[in-house]
Trainee: 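Handing you this structure, nothing more for now.
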Amino acid sequence: MSSSKDKKPLPFIYQFTAGAVAGVSEVPIGCRQDASLQKGAGVGEEAYKGMFDCFSKIIRHEGVSRLYRGITAPILMEAPKRATKFAANDSWGAFYRKLFGVQKQTQSLAVLTGATAGATEAFVVVPFELVKIRLQDKASAGKYKGMLDVVGKIIKEEGPLALYNGLESTLWRHILWNGGYFGCIFQVRALLPKAEEGNRSQQIRNDLIAGTIGGTAGTILNTPMDVVKSRIQNSPKIPGQVPKYNWAWPSVGLVFKEEGFGALYKGFIPKVLRLGPGGGILLVVFTGVMDFFRKIRGE
């Protein structure tokens, strides 16, 4: 996704690289907050009253390192994940414009393109997400010594296909987030005053605003799917048994029925605090790296 609608798109490899660079920018903060999302329904010392209470109890009882448990998987995941997100968004955008015979992106095409890019991204991230969730969830973390141990035990105990446990819910999660993210970016950019040519500060301002609004909208849309995705991926496959949380939309209905609407937005505050501004940072870094590539190519 170029920094402005009139700039010539760069080849795929440049978009992929820029997305990878942008992807690692939010990993440390994201990992701390992801740790706080994994557990919150316990009793006594395990009952978290909120994000800050969760942070304090994790540090007090388990140490600061617990906040970064499972960080290897996110670091390895974020580069290909974000690279795929942005590169696929530009590639699908070109495909849809050609398919529908239009020269420029429209609001509806921005949503469709983002949703399709999200589906593409989902196939890349599922195994990494599964490993991260198994490492960060306290109920299962004790079983594993590290990332490779998680992979080995899942394959041995549940079969190779278990690494793609939760694919369907992950598809929905990324379709909803990316559709909202890129759709909002297109609309907000159109509403904001256009940055003057060569005025980097104005461009950063517009990208930060558009990306933050897009990240917030995407998070509002996809949080229920994120909740059930974690439950699906943290449910080991046992031969002859159907997991309680198996398919995405029925799981959303089950959580709503048993726990109420609020349970579908459990962990929303720390998530939106990360992915709202994080969406802005992603867009700023991606745009900056793409402009750098244009400069060294003499465009």
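Keep in mind it's a predicted model, so treat the numbers as computed, not measured. Values below: all heavy atoms of this structure, side chains included; hydrogens, waters and symmetry mates excluded.
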Trainee: Between Glu196 and Gln202, is there a donor-acceptor pair closer than 3.5 Å when you use the side chain of the first and the backbone of the second?
Mentor: no

Trainee: Might you point out which heavy atoms bring Arg200 and Val284 nearest each other, and give the distance in Å?
Mentor: NH2-O, 3.8 Å

Trainee: Just verifying a value: how many Å separate Leu130 CG and Thr170 OG1, rounded to the nearest 0.5 Å?
Mentor: 9.0 Å

Trainee: So, applying side-chain hydrogen bond (donor to acceptor under 3.5 Å, both in side chains) with Asn222, which one of Lys229, Lys271, His174 is it?
Mentor: Lys271

Trainee: To the nearest 0.5 angstrom, please state how far the CD1 atom of Ile185 sits from the CD1 atom of Ile209.
Mentor: 12.5 Å

Trainee: Got a sec: does the CZ of Phe100 have more than 12 other heavy atoms crowding it under 6.0 Å?
Mentor: yes

Trainee: Which is it for Asn178 and Asn89 under the side-chain contact (heavy atoms from CB on, under 4.5 Å) test, yes or no, and what are the steps along the way?
Mentor: CA-CA 9 Å; Asn178 283 274; Asn89 185 72; over 6 Å; no

Trainee: Please work out which of the three classes, parallel, tilted or perpendicular, describes the rings of Phe261 and Phe256, given edges at 30° and 60°.
Mentor: perpendicular

Trainee: If you round to the nearest 0.5 Å, how far is CZ of Arg294 from CG of Leu10?
Mentor: 4.5 Å

Trainee: Considering non-hydrogen atoms only, spot the tightest contact between Lys85 and Ala117 and give its length.
Mentor: O-CB, 3.8 Å

Trainee: What closest approach, in Å, do Gly180 and Ala217 show between heavy atoms, and which atom pair accounts for it?
Mentor: O-CB, 4.5 Å

Trainee: Using only atom types and a distance under 3.5 Å, with no angle test, would you say the side chain of Gln107 pairs donor to acceptor with the backbone of Gly183?
Mentor: yes

Trainee: Going by atom types only, do Tyr96 and Thr116 share a side-chain donor-acceptor pair under 3.5 Å?
Mentor: yes

Trainee: Tell me if a side-chain donor or acceptor on Asn206 pairs with a main-chain N or O of Pro193 at a distance below 3.5 Å.
Mentor: yes

Trainee: Quick one, Arg297 and Tyr14 - any side-chain contact, counting heavy atoms below 4.5 Å?
Mentor: yes

Trainee: Answer yes or no: is there an ion pair linking Arg231 with Glu259, defined by an N-O contact shorter than 4.0 Å?
Mentor: yes

Trainee: Please say whether more than 12 non-hydrogen atoms of neighbouring residues, nucleotides or ligands are located less than 6.0 Å from CZ in Phe292.
Mentor: no

Trainee: How many angstroms lie between CZ in Phe123 and CG in Leu171, if you round to the nearest 0.5 Å?
Mentor: 5.0 Å

Trainee: Would you call the rings of Trp177 and Tyr181 parallel, tilted or perpendicular, taking 30° and 60° as the class edges?
Mentor: parallel

Trainee: Ignoring hydrogens and geometry, is there a side-chain-to-backbone donor-acceptor pair from Arg173 to Val228 under 3.5 Å?
Mentor: no

Trainee: For Gln233 and Lys132: C-alpha separation, side-chain torsions, deciding distance, then whether side-chain contact (heavy atoms from CB on, under 4.5 Å) applies.
Mentor: CA-CA 10 Å; Gln233 288 189 314; Lys132 183 183 73 171; over 6 Å; no

Trainee: Check step by step if side-chain contact (heavy atoms from CB on, under 4.5 Å) holds for Gln187 and Ile213.
Mentor: CA-CA 10 Å; Gln187 187 61 46; Ile213 293 174; over 6 Å; no

Trainee: Are the side chains of Val252 and Trp172 in contact, using a 4.5 Å heavy-atom criterion?
Mentor: no

Trainee: Look at atom CD1 of Ile155 and say whether more than 12 heavy atoms of other residues, nucleotides or ligands are closer to it than 6.0 Å.
Mentor: yes

Trainee: Please check if Phe286 and Leu208 belong to a single hydrophobic cluster, counting links between Ile, Leu, Val, Met, Phe, Trp and Tyr side chain heavy atoms closer than 4.5 Å.
Mentor: no

Trainee: Provide the closest heavy-atom pair for Ile232 versus Asn165 in the form atom of the first, atom of the second, distance.
Mentor: O-ND2, 3.0 Å

Trainee: Test Arg97 against Gln103 for side-chain contact (heavy atoms from CB on, under 4.5 Å), laying out the working first.
Mentor: CA-CA 6 Å; Arg97 287 192 295 273; Gln103 296 297 317; over 6 Å; no

Trainee: If I compare all heavy atoms of Gly166 with all of Ser169, which pair ends up nearest, and what's the gap?
Mentor: O-OG, 3.0 Å

Trainee: First locate atom OH of Tyr265, then atom CD1 of Ile220, and finally report the distance between them rounded to the nearest 0.5 Å.
Mentor: 7.0 Å

Trainee: So if you build clusters from Ile, Leu, Val, Met, Phe, Trp, Tyr with side-chain heavy-atom gaps below 4.5 Å, do Val285 and Leu282 land together?
Mentor: yes

Trainee: Assigning hydrophobic clusters by single linkage (Ile, Leu, Val, Met, Phe, Trp, Tyr; side-chain heavy-atom cutoff under 4.5 Å), is Val126 placed with Val227?
Mentor: no

Trainee: For a 4.5 angstrom cut-off between non-hydrogen side-chain atoms, does Lys81 reach Phe128?
Mentor: no

Trainee: Let me confirm one number: the NZ-CZ distance from Lys194 to Arg189, rounded to the nearest 0.5 Å.
Mentor: 11.5 Å

Trainee: Looking only at heavy atoms, which two atoms of Gln105 and Ala110 are closest? And how far apart?
Mentor: NE2-CA, 3.6 Å

Trainee: Count I, L, V, M, F, W, Y as connected when their side-chain heavy atoms are under 4.5 Å apart, and connections chain through other members. Are Val111 and Leu275 then in the same cluster?
Mentor: no

Trainee: Should Tyr245 and Val255 count as side-chain neighbours, where that means a heavy-atom distance under 4.5 Å?
Mentor: yes

Trainee: Find out whether Phe293 and Ile296 are in side-chain contact, i.e. whether some heavy atom of one side chain is under 4.5 Å from a heavy atom of the other.
Mentor: yes

Trainee: Can Phe86 be reached from Phe12 by stepping across I, L, V, M, F, W or Y side chains whose heavy atoms are under 4.5 Å apart?
Mentor: no

